[in-house]
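If you're wondering where the values come from, they're calculated on a predicted model, not measured in any experiment.
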Amino acid sequence: MDSQFLMEIMEINEKLAEAQGETAMKEMESIVRAKQKELTDNVSRAFERDDFEKAKELLTKMRYFSNVEEKIKLKKIPL
């Protein structure tokens with residue numbers, strides 16, 4: 001993973017940890033969904049070009065965002 005991507009994930013996780021209220025959570029969901037859509041589109045293009053290394057890299061990034069999505073879902077569940 002490149003350091004810029006890892007910094008982005010760390011920032012998103014920090015924002016999620018600080019997020020309070022429904023509006024903040026919806027904003028986080030929106031950010032993550034947009035990133036997932038962008039990555040999905042890029043994975044499709046990588047497969048179309050038979051660039052399997054790029055597809056593998058992008059799928060790994062998607063896994064990070066999937067983990068963030070799970071954290072958002074868990075945070076929304078009242079204890």
Side-chain angles (χ1 to χ4, degrees):
M1 284 293 104
D2 61 80
S3 59
Q4 182 180 352
F5 174 75
L6 293 175
M7 288 296 295
E8 180 181 14
I9 290 294
M10 284 177 47
E11 288 175 19
I12 289 172
N13 277 313
E14 286 174 9
K15 286 180 184 177
L16 178 59
E18 296 169 359
Q20 299 293 324
E22 189 174 335
T23 302
M25 294 305 291
K26 284 185 179 182
E27 182 180 326
M28 292 302 304
E29 281 181 308
S30 177
I31 290 168
V32 172
R33 279 195 192 119
K35 289 289 185 181
Q36 285 285 54
K37 178 167 180 4
E38 177 185 333
L39 288 167
T40 301
D41 293 343
N42 291 339
V43 166
S44 293
R45 282 193 291 279
F47 277 121
E48 288 168 2
R49 294 187 312 265
D50 292 332
D51 188 351
F52 301 116
E53 281 302 312
K54 184 66 173 178
K56 180 180 171 183
E57 174 189 330
L58 293 166
L59 288 167
T60 300
K61 289 180 178 184
M62 288 179 73
R63 196 170 344 161
Y64 278 92
F65 279 104
S66 179
N67 289 338
V68 173
E69 279 182 313
E70 190 62 31
K71 289 177 187 177
I72 291 170
K73 288 176 188 174
L74 291 173
K75 191 165 181 172
K76 288 172 65 176
I77 298 172
L79 297 176

Distance-only, no hydrogens or angles: does the S66 side chain make a donor-acceptor pair with backbone N or O of M62 under 3.5 Å? no
Would you confirm whether K75, through its side chain, and L16, through its main-chain N or O, come within 3.5 Å as a donor-acceptor pair? yes
Gap between atom [atom2] of [Y] and atom [atom1] of [X] - 0.5 Å precision:
{"X": "D41", "Y": "K37", "atom1": "CG", "atom2": "NZ", "answer": "3.5 Å"}
{"X": "E38", "Y": "N42", "atom1": "CD", "atom2": "CG", "answer": "5.5 Å"}
{"X": "K26", "Y": "I31", "atom1": "NZ", "atom2": "CD1", "answer": "14.5 Å"}
{"X": "K73", "Y": "E29", "atom1": "NZ", "atom2": "CD", "answer": "9.0 Å"}

Presence of salt bridge, [Y] and [X], under 4.0 angstrom:
{"X": "D51", "Y": "K56", "result": "no"}
{"X": "E22", "Y": "K76", "result": "no"}
{"X": "E48", "Y": "R45", "result": "no"}
{"X": "K61", "Y": "E57", "result": "yes"}

Using the test salt bridge (Lys or Arg N to Asp or Glu O under 4.0 Å), find all partners of K15 that sit at least two apart in sequence or belong to another chain. none
Only counting residues at least two apart or in another chain, list the ones meeting salt bridge (Lys or Arg N to Asp or Glu O under 4.0 Å) with E8. K35
What heavy-atom pair brings [X] and [Y] nearest, and what distance separates the two atoms?
{"X": "F65", "Y": "L39", "value": "CD1-CD1, 3.6 Å"}
{"X": "A55", "Y": "V43", "value": "O-CG2, 4.3 Å"}
{"X": "N13", "Y": "K71", "value": "OD1-NZ, 3.1 Å"}

Sequence neighbours left out, what passes side chain to side chain donor-acceptor pair (under 3.5 Å) with N67? Give chain and number order. none
Give a yes or no on whether L59 and F52 share a hydrophobic cluster (residues Ile, Leu, Val, Met, Phe, Trp, Tyr; joining criterion: side-chain heavy atoms under 4.5 Å apart). yes
From CA spacing to verdict: side chain to side chain contact (heavy atoms under 4.5 Å, CB included), T60, Y64: CA-CA 7 Å; T60 300; Y64 278 92; 4.1 Å; yes
